[in-house]
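The next block holds one structure in the form of structure tokens; read it before the comments.
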Amino acid sequence: MAMIRPQFLSSTSFRWALMLAAAFAVIVIALFGFIYWQTSDYLTVRTDRMLAMQINAIAVLSPQRRLDAIDDHVKQDSRGVQFAGLFGADGSKIVGNLEHLPRGLAVDDMAQGARIMKITQAGRSDQTIRAIARRMADGDVLVIGRQVDEAMEFARVVGEALALGLLPALCLCLVAGALVSVRAERRVEEVNVRVQRIVAGDLSERLPQHKNGDQFSKLAGIVNGMLDEMEDLIGALAGVGNDIAHDLRTPLTRARLALERGRTNATTLPELQASADKAIVGIDQSLTIITALLRLTEIENGRRSAGFGRVALADLAREVADLYEPIADDKRIALKTDLPATASSAFAQPHEVHGDRDLLIEAIANLVDNAVKFTPAGGQVEIALTSDDRASIVRIQDSGPGISESECEAVLRRFYRSDKIRSTPGVGLGLSLVAAIVKLHDFQLTIVPGPGCVVEIACPHQRLVA
């Protein structure tokens, strides 16, 4: 039966922790190795220097004093790490604590490693030492040596420090990696559960966000914002189909009834033409709705952003005012403007923005058209252009019935028509079209509730592209 291992062992977080632990171990081992190598080299150089000084001091003595100096050198070594010996030309021992001349030890050369036989009261022992040999004038060979156990002891200490320091650190890294992996798995599992609910159709579900502000929470916040937008769009789309069917059914039904009555009741050509004219009116109304929907979709998809350029808001607003002035006069409505004079210089005007001129004209024209349409005779409509430190503001204000605070957001939905204006011709797409154009330009649309409708388009100041 295969052994089941915890899932976190195969997680990316644990693998990263394992790799970091391995890298940390390699670095620490290399560091300790470097310290050992440097220290061992230092101890060896110091020992060699000491041996050279000792052999020089003994070599200059007379033969008799040399024997006494060797004997004193050995007796004064309480730790048993000093070695000295004097050998005849034939290799026989004369004095010292060395049994014989170390094999392979070069005479009159630098200090080097050598295998020796140490003689003590407890017996003999084979050891490795650092030694130096020099031939005297009378042919004898003087050997001075010293144990290098300090380097071996230091290596032992380094090894113990490495074991005591590295192993707990590695274990801590692995435990931390396991904890991080388990925590990440729990969060992923929680996200997976909520995503499954969203896939199942619960659009009100959101991904968990924590207050610590980590990257995972930031990503969850972005996804939740996207879900909010999707929920709003799907909620809007859920009623769009019914709204389209309802708004198209009425004119199409009228057209059908007109044609049917004309076919049944018309007895003369004028009567038949009158029935056909009524049918054409209904079909034109349906086509207007379809065209507006296609236009709205095109703008919302951002297909017009490639045609952006420099647009002078004052000239644009003045053009719309000239267009609607005759219509306002026919309804006995005063159309006023509060617009700055056109700049005559070749440089950018104070109220220039980067956008699509045709779309901006369409947005302002829709607002002015609504204002003229819903303002009673004898009223007033004003088109104004102002600015503050952050933006240029196009304001359309009328003296009509206005929009209540509860409807300020609803009027931007497709096909929405307030009960107060249902008798007025329209398809309920004008403000939706304005909202889409404003969103495409990254402007801000504001509807001020109260008697008399006030609609503002704030166009933030920005660096214009030539």
Side-chain angles (χ1 to χ4, degrees), residues 308-345 347-405 407-409 411-412 418 421 424 426 430-462 464:
F308 278 24
R310 295 166 68 168
V311 179
L313 292 177
D315 294 343
L316 188 147
R318 191 173 291 106
E319 184 176 335
V320 174
D322 293 341
L323 177 65
Y324 277 88
E325 187 174 9
I327 301 175
D329 289 342
D330 288 342
K331 289 191 63 176
R332 292 184 290 112
I333 295 173
L335 181 60
K336 297 183 178 181
T337 59
D338 183 8
L339 306 174
T342 302
S344 58
S345 68
F347 297 100
Q349 299 181 23
H351 296 291
E352 276 196 344
V353 296
H354 184 64
D356 188 304
R357 189 177 189 279
D358 294 338
L359 290 181
L360 291 176
I361 285 182
E362 187 171 353
I364 297 176
N366 267 288
L367 295 177
V368 175
D369 184 77
N370 282 343
V372 172
K373 184 187 300 182
F374 300 122
T375 299
Q380 175 179 301
V381 174
E382 183 181 22
I383 306 173
L385 179 59
T386 60
S387 66
D388 55 23
D389 294 337
R390 295 175 297 175
S392 296
I393 301 172
V394 180
R395 179 184 297 111
I396 290 88
Q397 183 172 2
D398 62 55
S399 58
I403 298 175
S404 64
E405 186 173 359
E407 289 184 311
C408 284
E409 293 186 6
V411 294
L412 300 179
S418 174
I421 60 171
T424 306
L431 286 178
S432 298
L433 193 62
V434 173
I437 295 173
V438 170
K439 183 177 181 181
L440 176 67
H441 286 78
D442 289 328
F443 295 164
Q444 183 178 358
L445 179 66
T446 303
I447 299 176
V448 181
C453 183
V454 179
V455 182
E456 294 180 346
I457 299 177
C459 312
H461 298 311
Q462 55 190 314
L464 297 175

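Inter-residue side-chain proximity for V455 and T446 is flagged as unmet; no heavy-atom pair is nearer than 4.5 Å. Using a 4.5 Å heavy-atom cutoff, the side chains of D398 and Q380 are not in contact. No side-chain heavy atom of D338 sits under 4.5 Å from any side-chain heavy atom of L385. Using a 4.5 Å heavy-atom threshold, the side chains of E319 and R357 count as touching. Within the 4.5 Å cutoff, no side-chain heavy atoms of C453 are placed close to those of F374. The shortest distance between side-chain heavy atoms of T337 and R318 does not fall below 4.5 Å. In this structure, L313 and C459 have side chains that are in contact, with non-hydrogen atoms separated by less than 4.5 Å. Considering only heavy atoms from C-beta on, V454 stays 4.5 Å or farther from I447 through its side chain.
Heavy atoms only, all atoms of each residue included: A314 and L339 are closest at O-CD1, 4.0 Å. Residues G400 and P376 approach most closely at CA-CD, 3.9 Å, considering heavy atoms. In this structure, F443 and P460 approach most closely via the heavy-atom pair CD2-CD, 3.6 Å. In terms of heavy-atom proximity, G379 sits nearest to S399 at CA-OG, 3.3 Å. The shortest heavy-atom contact between A328 and V372 is CA-CG1, 4.3 Å.
Put simply, CG on L367 and CD1 on I383 are 9.5 Å apart, with the number rounded to the nearest 0.5 Å. Atom CG of L316 and atom CD of E352 lie 11.5 Å apart (nearest 0.5 Å). Here the CG-CD1 distance, from L359 to I364, works out to 11.5 Å after rounding to the nearest 0.5 Å. Put simply, CG on D369 and OH on Y324 are 3.5 Å apart, with the number rounded to the nearest 0.5 Å. To the nearest 0.5 Å, the span separating CD on E456 from CZ on R395 amounts to 4.0 Å.
Each of N366, I396, I361 was scored for a side-chain contact (heavy atoms from CB on, under 4.5 Å) with V320, with one residue passing: I361. Test V353, V311, L360, I457 against H441 for side-chain contact (heavy atoms from CB on, under 4.5 Å) and you get one pass: L360.
Under a 3.5 Å cut-off, the side chain of K331 and the backbone N or O of K373 do form a donor-acceptor pair.
Comment: K336 does not engage E325 in a salt bridge, judged by the lack of any side-chain N to carboxylate O separation of less than 4.0 angstrom.
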